[in-house]
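All values reported here derive from a predicted model rather than from experimental measurement. We're numbering straight along the sequence, starting at 1.
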Amino acid sequence: MDGHYVGRVSRQDPLHGLLSRIVVERLGVEHPAGFRAFRMRGSNEVYGYEERASGTRLVGKFFGRRFGWDRDRAASKAGKEFASYETLRRYHLVGSPHHVVRPLGLERDINCVLVLEYYGGESLCSAIARALRGEHDHLYRRLTSLAFYLATQHNRTANGAHVDFGTDLGYLDRLLDALRSAGRLGAWDVDEIGWLGQLWSLRPRMWTDRQVWLHGDATPANFLFGDGLDVGAIDLERMRRGDRVFDVGRVAGELQHAFLRATGRREGAEPFIGHFLWEYCCHFPHREAAFASVTARVPFHMAANLLRIARNDYVDPPYRARLVAQAKELLRTP
């Protein structure tokens, strides 16, 4: 399991009873022998559990710590994510090649834990790291698979309502407020970026597509790759309806960030971004028209993602300035 072993779950721990019921009633394990626990990488609130006899694996995501004593808020957040998995799975995003993990249980009284199916596979983070070491073909293949998954999710879930670009402008404003409040962006930069964002609202193309169910946090850690074109989607905490290019732009922005941070040059990401966008658009009846539409809208969402990254504590001031400058350049795209 991808994580650091932290011990066994005590039989006196209520979590042991919950996990035992789930593996027996939902996964067909007859006599659970106990559970090994692993702290998953990059998170203090997500743990993996392995049933010792059968090797059956589960993931537990705990919401309680985030909200202190506000158990109602934590339970609401966990319940929303549980419902998001169920919603997407109703669109037949189950199995190979497109798989949304299965929600298995939710227990308010155990630190608002959401128990999920475990999906093993390589993360997009790993594929990007391999590309930075020269394994370019591997990342191209992973991006082909991811483009297929996202296009399938978006196309199956599109409805008749137009996107509301005002929602995306509001997100940009919240990012700017957070950066300004933390002293990480000056008033001049905030005003300039806000003004550039408003110019995008005057472009009809930002308002004309149909709403889809978005993943909502399409970062490299939230997609896992199996054999062939298999992709597993995890972490649907921010799933919502919106413009498909919100997800597409986040992936493109993450690619640009990865190369900019590792090499100091964004140009290394451009072939991979172009490949990803072209592969995404091959799942539409008119590929060239779809590509023109997506590429005309994606700079705004890439810029927003770079500003989202700039909020993080691990970003030092010189690199934050690079992210902000690149976000401005993207927003100046005609």
Legend entry - His286 (side chain) donor-acceptor with Glu288 (main chain) under 3.5 angstrom: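 Not at all, since once roles are kept as given, no pair shorter than 3.5 Å links the two residues.
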Residue pair [X] / [Y], side-chain donor-acceptor N/O under 3.5 Å:
X      : Y      : value
Arg210 : His162 : yes
Tyr280 : Arg244 : yes
Ser54  : Glu51  : yes
Arg141 : Ser145 : no
Tyr49  : His16  : no
His154 : Asp247 : yes
His275 : Glu270 : no

Determine, using the 4.5 Å side-chain heavy-atom cutoff (strictly less than), whether [X] and [Y] are members of one ILVMFWY cluster.
X      : Y      : result
Met239 : Phe63  : yes
Val163 : Phe246 : no
Leu19  : Val113 : yes
Leu196 : Trp207 : yes
Phe67  : Phe82  : no

Legend entry - Sole candidate of Phe225, Phe223, Tyr119 that passes ring-ring contact (aromatic ring centres under 6.0 Å, His included) when paired with His99: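 Answer to the ring-ring contact (aromatic ring centres under 6.0 Å, His included) test with His99 among Phe225, Phe223, Tyr119: Tyr119.
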Got [X] and [Y] here, is their nearest side-chain heavy-atom distance under 4.5 Å?
X      : Y      : answer
Ile273 : Gln256 : yes
Leu330 : Gln326 : yes
Leu116 : Leu104 : no
Lys61  : Asp235 : yes
Pro97  : Val231 : no
Thr152 : Tyr91  : no

Legend entry - Check: Phe300 ring centre within less than 6.0 Å of Phe165 ring centre: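 Ring centres of Phe165 and Phe300 closer than 6.0 Å.
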Legend entry - Centroid-centroid under 6.0 Å between His257 and Tyr319 rings: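 Yes, close enough.
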Legend entry - Distance under 6.0 Å and angle within 45° of ring axis: Arg241 vs Trp213: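 Verdict for Trp213: a cation-pi partner in Arg241.
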Inset, instruction - Walk me through it: do Arg297 and Ser293 pass the test side chain to side chain donor-acceptor pair (under 3.5 Å)? - result: CA-CA 7 Å; Arg297 285 145 52 204; Ser293 176; 2.6 Å; yes
Inset, instruction - Take Tyr85 and Glu117, measure what side chain to side chain contact (heavy atoms under 4.5 Å, CB included) needs, and give me the verdict at the end. - result: CA-CA 11 Å; Tyr85 289 109; Glu117 169 190 25; over 6 Å; no
Inset, instruction - Flag yes if more than 12 heavy atoms outside Arg102 fall under 6.0 Å of its CZ atom; otherwise flag no. - result: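 It does: Arg102 CZ has more than 12 such atoms within range.
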Inset, instruction - List the steps, then state whether side chain to side chain contact (heavy atoms under 4.5 Å, CB included) holds for Leu58 with Val23. - result: CA-CA 9 Å; Leu58 305 168; Val23 297; 3.7 Å; yes
Inset, instruction - State plainly whether the residues Asp189 and Arg180 are in salt-bridge range, i.e. N to O under 4.0 Å. - result: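 Judged by the 4.0 Å cut-off on N to carboxylate O distance, Asp189 and Arg180 do not form a salt bridge.
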Legend entry - Lys/Arg N to Asp/Glu carboxylate O, Glu45 vs Arg65, below 4.0 Å: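 Arg65 and Glu45: not salt-bridged.
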Legend entry - From SG (Cys282) to CZ (Arg287), nearest 0.5 Å: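 It comes to 4.5 Å.
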Inset, instruction - Sorted by first residue and then second, give each salt bridge (charged side-chain N to carboxylate O under 4.0 Å, His left out) pair with at least one member in residues 17-34; sequence neighbours left out. - result: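 For residues 17-34: none.
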Legend entry - Qualifying residue for side chain to side chain contact (heavy atoms under 4.5 Å, CB included) with Leu143, from Trp278, Phe148, Phe272: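 Single side chain to side chain contact (heavy atoms under 4.5 Å, CB included) partner of Leu143 among Trp278, Phe148, Phe272: Phe272.
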Legend entry - Heavy-atom closest pair, residues Arg71 and Cys112: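 Scanning both residues, the minimum pair turns out to be CD-SG, 2.9 Å.
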Inset, instruction - Run the numbers on Leu169 and Trp200 for side chain to side chain contact (heavy atoms under 4.5 Å, CB included), then give the verdict. - result: CA-CA 9 Å; Leu169 278 178; Trp200 281 81; 5.5 Å; no
Inset, instruction - Please assess Asp230 against Leu224 for the test side chain to side chain contact (heavy atoms under 4.5 Å, CB included), listing each intermediate value before the final yes or no. - result: CA-CA 8 Å; Asp230 286 2; Leu224 301 169; over 6 Å; no
Inset, instruction - Could you check Arg250, Arg174, Arg240 and say which one makes a salt bridge (charged side-chain N to carboxylate O under 4.0 Å, His left out) with Asp168? - result: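 Running salt bridge (charged side-chain N to carboxylate O under 4.0 Å, His left out) over Arg250, Arg174, Arg240 with Asp168 returns exactly one hit, Arg240.
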Inset, instruction - Name all residues meeting the side chain to side chain contact (heavy atoms under 4.5 Å, CB included) criterion together with Ala127; count only those two or more places apart in sequence or in a different chain, and write none if there are none. - result: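 Side chain to side chain contact (heavy atoms under 4.5 Å, CB included) list for Ala127, sorted by chain: Glu122, Leu124, His138, Leu139, Arg142.
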